[in-house]
Number of protein chains: 2
Amino acid sequence: MTVKVILVDDHSVVRSGLRRLLESHKSLEIAAEADTGELAYQIYGEVLPDVVLMDISMPGMGGLEAAKRILQRYPQARIVIFSMHEAVSFAAQALKAGVKGYVTKTGLAEDLVQAVLDVSRGKTFLSQDVAQKIALQTLIGETNPLQQLTSREFEVFRLLAEGKRVEDVAEMLKISQKTVANYYTLIKQKLSVSSPVEMVRLAMKHGLIDAE
Amino acid sequence: MTVKVILVDDHSVVRSGLRRLLESHKSLEIAAEADTGELAYQIYGEVLPDVVLMDISMPGMGGLEAAKRILQRYPQARIVIFSMHEAVSFAAQALKAGVKGYVTKTGLAEDLVQAVLDVSRGKTFLSQDVAQKIALQTLIGETNPLQQLTSREFEVFRLLAEGKRVEDVAEMLKISQKTVANYYTLIKQKLSVSSPVEMVRLAMKHGLIDAE
DNA sequence: CATGAATAGGGAAAAATTCCCGATGGTTTT
DNA sequence: AAAACCATCGGGAATTTTTCCCTATTCATG
């Protein structure tokens with residue numbers, strides 16, 4: 001009984017590497033590849049895989065957006081996101097979206113295989129490093145205010161914290177500047193920061209951005 | 001031939017410690033202490049010390065401000081600033097103001113004595129850690145854009161980067177919001193950043209603020 | 001003493017932010 | 001299934017911030 005997997009990443013080199021890695025395990029079969037979220041969504045219906053393994057950051061519709069689309073049409077879909085972000089918030093957003101696995105690229109290669117296997121059996125998989133951070137945060141009783149943000153708010157927040165102007169964000173997200181401005185105000189309220197400066201520092205504290 | 005020193009720090013405990021440290025060296029004599037920049041300025045005229053050893057961060061007139069006042073009236077004054085900031089920019093500002101020595105608190109205790117002795121003999125003293133950073137920056141050819149800022153601009157920049165609002169800065173510096181706003185625009189130009197976000201990241205990169 | 005740099009701020013226009021509100025489309029609850 | 005909710009999206013208008021341009025004062029320096 002093999003597990004059918006769809007591989008989604010915009011870099012073909014990465015896809016090859018992943019394919020090799022996963023196929024080294026006999027019960028895994030790469031049924032299809034896709035280089036965009038849009039394509040992944042299309043072929044999902046044709047292939048009906050057991051698991052989708054998808055990069056979080058891709059041009060156009062990102063991994064999370066694509067995951068949400070798929071889950072909307074196929075609520076039972078099992079999706080594993082892999083990501084370069086070790087930040088807790090990204091994992092939180094992904095799981096909130098209904099994704100079943102979150103693996104960081106800095107983790108072990110075996111983790112990826114394990115994640116796909118676990119998820120194919122209905123389990124949930126979370127990378128060791130992220131799990132540890134969350135566990136520690138929880139134990140200390142520290143709350144992550146970023147988790148109050150909705151998916152869209154988080155997206156806007158991240159872009160603004162990266163230094164994008166309201167105008168740019170509006171364009172990237174294809175929504176009006178007005179909407180972004182309104183989100184901005186709302187986000188600042190939710191995070192109880194009063195200036196862009198505090199916002200950046202918060203983002204930095206939670207590992208969303210670096211000082212370079 | 002002893003060296004007369006004025007000790008300036010707002011914490012009396014720190015003053016005691018410094019006094020003990022410096023007096024362990026027989027050629028140093030603490031002629032007076034002051035807990036504010038204002039007071040330091042006043043007693044400078046009465047005591048006419050060989051060296052002023054002054055903390056950079058004090059309520060009211062900070063160490064740099066006080067140093068500038070003293071140097072204005074007594075251009076031959078020899079002042080050593082000690083500071084918790086290892087950031088290059090602080091040292092740069094201090095030396096630009098005419099201070100003869102800059103010692104970080106993280107350095108060795110002996111450095112402080114050495115600094116006072118060196119400066120008393122007309123030499124200039126710069127803490128090892130800061131000197132090293134500057135040297136490395138210079139060798140790499142990296143320029144520190146913060147050095148383009150004037151003293152006042154730097155002050156405004158630092159406060160804004162810390163998260164203070166324009167209004168707060170105006171109040172703290174006892175100048176109008178209008179002036180701060182104008183400085184703000186000017187600073188962004190000089191540093192060629194276009195948003196508060198970039199400003200914070202620059203400040204963090206240069207160690208003026210931490211991510212907490 | 002002229003010159004230039006640093007500091008301080010006014011006035012007016014432009015841009016960003018806030019606040020309030022309405023609309024739509026999913027989900028969840030009852 | 002209807003009702004209630006929430007996320008998303010944006011318009012309008014008031015307010016605040018930011019920008020740009022100019023002027024004045026002080027001080028150090030050639």
Side-chain angles (χ1 to χ4, degrees), chain A residues 61 64-65 67-75 93 96-98 146-160 163-199, chain B residues 61-62 64-65 67-77 92-93 96-98 146-160 163-199:
Chain A
M61 177 184 348
L64 282 190
E65 193 52 32
K68 275 192 269 186
R69 294 281 182 89
I70 293 175
L71 284 164
Q72 191 167 327
R73 191 74 73 204
Y74 312 94
Q93 288 296 327
K96 235 196 281 183
L146 301 190
Q147 280 169 31
Q148 296 176 0
L149 301 182
T150 68
S151 176
R152 201 55 156 172
E153 285 161 4
F154 182 73
E155 227 171 333
V156 170
F157 171 72
R158 189 171 60 86
L159 293 171
L160 290 176
K164 307 272 189 302
R165 293 168 311 164
V166 168
E167 195 186 330
D168 304 329
V169 174
E171 210 202 328
M172 295 176 70
L173 263 32
K174 295 193 185 68
I175 55 182
S176 95
Q177 296 189 24
K178 207 64 229 310
T179 303
V180 176
N182 283 333
Y183 271 120
Y184 180 38
T185 302
L186 188 62
I187 289 167
K188 285 197 290 187
Q189 271 180 346
K190 280 198 179 182
L191 303 181
S192 50
V193 301
S194 64
S195 69
V197 170
E198 290 176 48
M199 197 182 69
Chain B
M61 176 181 354
L64 282 190
E65 194 51 34
K68 276 192 268 186
R69 294 279 182 90
I70 294 175
L71 284 164
Q72 190 169 326
R73 193 73 72 203
Y74 312 95
Q76 80 304 350
Q93 288 295 329
K96 237 197 278 182
L146 302 190
Q147 280 169 31
Q148 297 175 359
L149 301 182
T150 68
S151 174
R152 201 57 157 169
E153 287 161 2
F154 181 74
E155 226 171 334
V156 171
F157 171 72
R158 189 171 61 85
L159 294 172
L160 289 177
K164 306 274 190 302
R165 293 167 313 163
V166 168
E167 195 185 328
D168 304 329
V169 174
E171 210 202 328
M172 295 175 70
L173 263 33
K174 296 194 185 69
I175 55 184
S176 93
Q177 296 189 23
K178 208 64 227 310
T179 303
V180 177
N182 283 332
Y183 270 119
Y184 180 38
T185 302
L186 187 63
I187 289 167
K188 285 197 289 187
Q189 271 180 346
K190 279 199 179 182
L191 302 181
S192 49
V193 299
S194 63
S195 68
V197 172
E198 291 176 49
M199 198 180 70

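Each chain gets a letter, A, B and so on, in the order the sequences are listed, and its residues count up from 1. Because the structure is a prediction, the values reported are computed rather than measured.
- The distance between atom CG of B/L186 and atom P of D/dC21, rounded to the nearest whole Å, is 13 Å.
- Within the 4.0 angstrom heavy-atom criterion, no nucleotide atom of any strand lies near A/Q177.
- Side-chain atoms of B/E198 and B/S194 form a donor-acceptor pair, as typed in the model, at a separation below 3.5 Å.
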| field | Derivation and outcome, side-chain hydrogen bond (donor to acceptor under 3.5 Å, both in side chains), residues B/K68 and B/S151 | value | CA-CA 10 Å; B/K68 276 192 268 186; B/S151 174; 2.5 Å; yes

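- Following rounding to the nearest Å, B/I187 (CD1) and C/dA8 (P) show an atom-to-atom distance of 12 Å.
- Rounded to whole Å, atom P of C/dC19 lies 13 Å from atom OH of A/Y184.
- A close approach under 4.0 Å does occur between a side-chain nitrogen or oxygen of B/T185 and OP1 or OP2 of D/dT19.
- Checking A/I175 against A/K190, the closest nucleotide of DNA chain D that is more toward the 5' end is the one next to A/K190.
- At a cut-off of 3.5 angstrom, counting only N and O atoms as typed in the model, there is a donor on one side and an acceptor on the other between the side-chain of B/N182 and the base of D/dC20.
- Rounded to an integer number of Å, the gap from B/R69 CZ to D/dT26 P is 15 Å.
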| message | Does A/Y184 form a side-chain contact (heavy atoms from CB on, under 4.5 Å) with A/V156? I'd like the steps, not just the answer. | response | CA-CA 8 Å; A/Y184 180 38; A/V156 170; 5.5 Å; no

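- The side chain of B/K188 contributes an N or O atom lying less than 4.0 Å from OP1 or OP2 of D/dT19.
- Checking the phosphate oxygens (OP1, OP2) of C/dG9, a side-chain nitrogen or oxygen of B/S176 falls inside 4.0 Å.
- Atom P of nucleotide C/dA6 and atom CD of B/Q148 are separated by 11 Å, given to the nearest angstrom.
- The side chain of B/S151 lies closest to C/dT7, out of C/dT17, C/dT7, D/dA28.
- Straight-line distance from the NZ atom of A/K178 to the C1' atom of C/dG22: 13 Å, rounded to whole Å.
- Here A/Y183 reaches the OP1 or OP2 of D/dC9: one of its side-chain N or O atoms lies under 4.0 Å away.
- Using a 4.0 Å cut-off, some side-chain N or O of B/T150 falls inside it from OP1 or OP2 of C/dT7.
- Distances from the side chain of B/R152 to the nucleotides D/dT18, C/dA8, C/dC19 place C/dA8 closest.
- One finds a salt bridge joining B/E155 and B/R152 here, because a Lys/Arg side-chain nitrogen approaches an Asp/Glu carboxylate oxygen to under 4.0 Å.
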